[in-house]
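Written below as structure tokens is the structure these notes are about.
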Amino acid sequence: MTYRVVQWSTGNVGRHAIAGIDARPDLELAGVWTSTPAKIGKDAGELAGLGRPLGVAATGSEEELLALRPDCVVYTSMADVRLMEAIDDLCRILRAGINVVSSSPVFLQFPDGVVPPEMSDPVREAAEAGGASLFVNGIDPGFANDALPLAVTGISERIDQVRCMEILNYATYDQGTVLFDIMGFGRSLDDTPMLLQPGVLTMAWGSVVRQLAAGLEVELDEVTEHHTRLPAPETFEVSSGTIEKGTAAALRFEVRGMRGGEPVIVLEHVTRLRDDIAPDWPQPAGAGCYRVEVRGEPDYTVDLQLLGGDGDHNTAGLKATAMRLVNAVPAVVAAPPGLLTALDLPPITGRGLL
């Protein structure tokens with residue numbers, strides 16, 4: 001069976017999604033939406049950097065794409081700075097009877113107990129009205145802290161703690177809005193960026209902690225958040241701009257699922273802009289990694305190393321996010337209508353073995 005797919009946005013993740021859709025023989029790219037006027041009319045192959053045309057031109061018309069009645073939309077528009085607009089987008093697509101796989105808003109990965117019902121109910125209502133399904137996922141929040149840790153716990157006799165970690169250098173991540181405005185890199189340590197406002201970490205990654213608890217049938221007492229930042233030892237450049245001496249250049253945070261006063265499920269990020277900053281913090285395997293630690297009997301540590309075809313780990317992370325969504329399309333189309341989580345779907349696999 002061939003599934004007709006629309007790619008919604010052509011940014012850092014969207015362009016990899018276009019390449020991924022093209023790579024799967026069971027998917028057909030039916031349309032592409034862009035918010036950038038200069039991209040309208042350009043071929044999807046050009047926008048994805050494939051070096052060849054795909055015969056599908058990008059459009060800025062939502063109505064035109066919804067009228068195509070595709071089987072699924074791959075939605076990768078940024079939601080961090082346009083949260084309600086993104087939710088409105090998803091509701092509009094779902095009400096049109098079109099399934100969606102999306103990288104955002106991330107709390108929809110598992111919203112129960114994470115956000116007030118009024119933030120997730122409209123999506124559920126739209127899915128029911130349209131008879132369509134929504135699956136929000138990626139690499140983190142996503143595969144690295146839902147499917148991977150749950151698979152590892154499947155070989156445990158006893159589980160005392162599950163810790164999911166992202167350990168990456170973001171210097172080559174060319175997204176200034178995320179790096180500077182949301183995460184606060186290159187800003188004064190006295191400033192509190194969006195990500196570190198009280199409750200935001202829990203909104204973004206509490207879904208990870210709550211979903212793992214549900215998968216492991218663990219009842220949590222509470223979810224707490226903690227963070228620390230370190231300054232740049234000198235001025236240096238990253239892909240998104242300049243990091244001045246003394247401004248934020250490393251961030252470490254945890255979202256902790258607590259039971260009996262102890263953290264039993266933990267989501268941790270260790271983010272640097274230079275490898276020599278915070279040498280005492282956890283170090284990655286390879287150029288960068290997602291790490292799952294299961295403490296119990298026995299203890300397990302699993303490192304998922306990332307490296308793109310261009311030699312960059314951040315490229316691999318973007319592609320992994322895109323492909324988690326693209327590869328989920330057949331399962332999501334086949335699923336019953338509603339807001340789906342990783343606990344609802346069968347194992348998601350790729351295609352394209354030679």
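Since we're looking at a predicted model, the values are computed, not measured. The chain is numbered in sequence order, starting from 1.
- In this view, R295 and Q161, E293, D299, T301 satisfy the side-chain contact (heavy atoms from CB on, under 4.5 Å) rule, not counting sequence neighbours.
- Distance alone, capped at 3.5 Å, places no donor-acceptor pair between the T36 side chain and the A38 backbone.
- The line from OG1 of T10 to NZ of K42 is 10.0 Å long, rounded to the nearest 0.5 Å.
- Salt bridge D71/R4: absent, no basic N to carboxylate O contact under 4.0 Å.
- With rounding to the nearest 0.5 angstrom, the NE2 atom of H269 is 6.0 Å from the OH atom of Y170.
- The CZ atom of R272 sits 10.0 Å away from the CG atom of L168 when rounded to the nearest 0.5 Å.
- When side chains are defined from C-beta on, N145 does not count as touching M165, because their heavy atoms never get closer than 4.5 Å.
- Remark: E219 CD is loosely packed, at most 12 non-hydrogen atoms of other residues, nucleotides or ligands lying under 6.0 Å away.
- Side-chain contact between F185 and V238 is absent, with no heavy atoms from C-beta onward closer than 4.5 Å.
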Please tabulate, for the side chains in residues 81-88, all donor-acceptor contacts under 3.5 angstrom to protein atoms that are two or more places apart in sequence or on a different chain.
residue: R82; atom: NH1; partner: Y75; partner atom: OH; Å: 3.2
residue: R82; atom: NH1; partner: M78; partner atom: O; Å: 3.0
residue: R82; atom: NH2; partner: D89; partner atom: OD2; Å: 2.8

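- Relative ring orientation between W205 and F253 is described as tilted, the plane-to-plane angle lying within the 30° to 60° band.
- We find that R291 and E268 are not joined by a salt bridge, their nearest charged nitrogen and carboxylate oxygen being 4.0 Å or further apart.
- Rounding to the nearest 0.5 angstrom, the gap separating the CG atom in L340 from the CG atom in N137 is 10.5 Å.
- In this structure, a donor-acceptor pair under 3.5 Å is present between the side chains of E225 and T202.
- With contacts defined as side-chain heavy-atom distances shorter than 4.5 Å, the pair I98/P70 qualifies.
- Closest approach of A127 to P337, counting heavy atoms only: O-CB, 4.2 Å.
- Residues G31 and V56 share a closest heavy-atom pair of CA-CG1, 3.7 Å.
- Heavy atoms only, all atoms of each residue included: V255 and L201 are closest at CG2-O, 3.8 Å.
- Two residues are said to be in side-chain contact when any heavy atoms from C-beta on lie closer than 4.5 Å; V208 and Q109 meet this criterion.
- Across all non-hydrogen atoms, the minimal contact from L325 to F135 is CD2-O, 4.5 Å.
- In this model, a donor atom of one side chain and an acceptor atom of the other lie less than 3.5 Å apart for T76 and S9.
- Rounding to the nearest 0.5 Å places CD1 of I167 at 11.0 Å from CD of Q305.
- E128 CD: 12 or fewer foreign heavy atoms inside a 6.0 Å radius.
- With contacts defined as side-chain heavy-atom distances shorter than 4.5 Å, the pair R210/L220 qualifies.
- Within a 6.0 Å radius of CG in D275, no more than 12 heavy atoms belonging to other residues, nucleotides or ligands are found.
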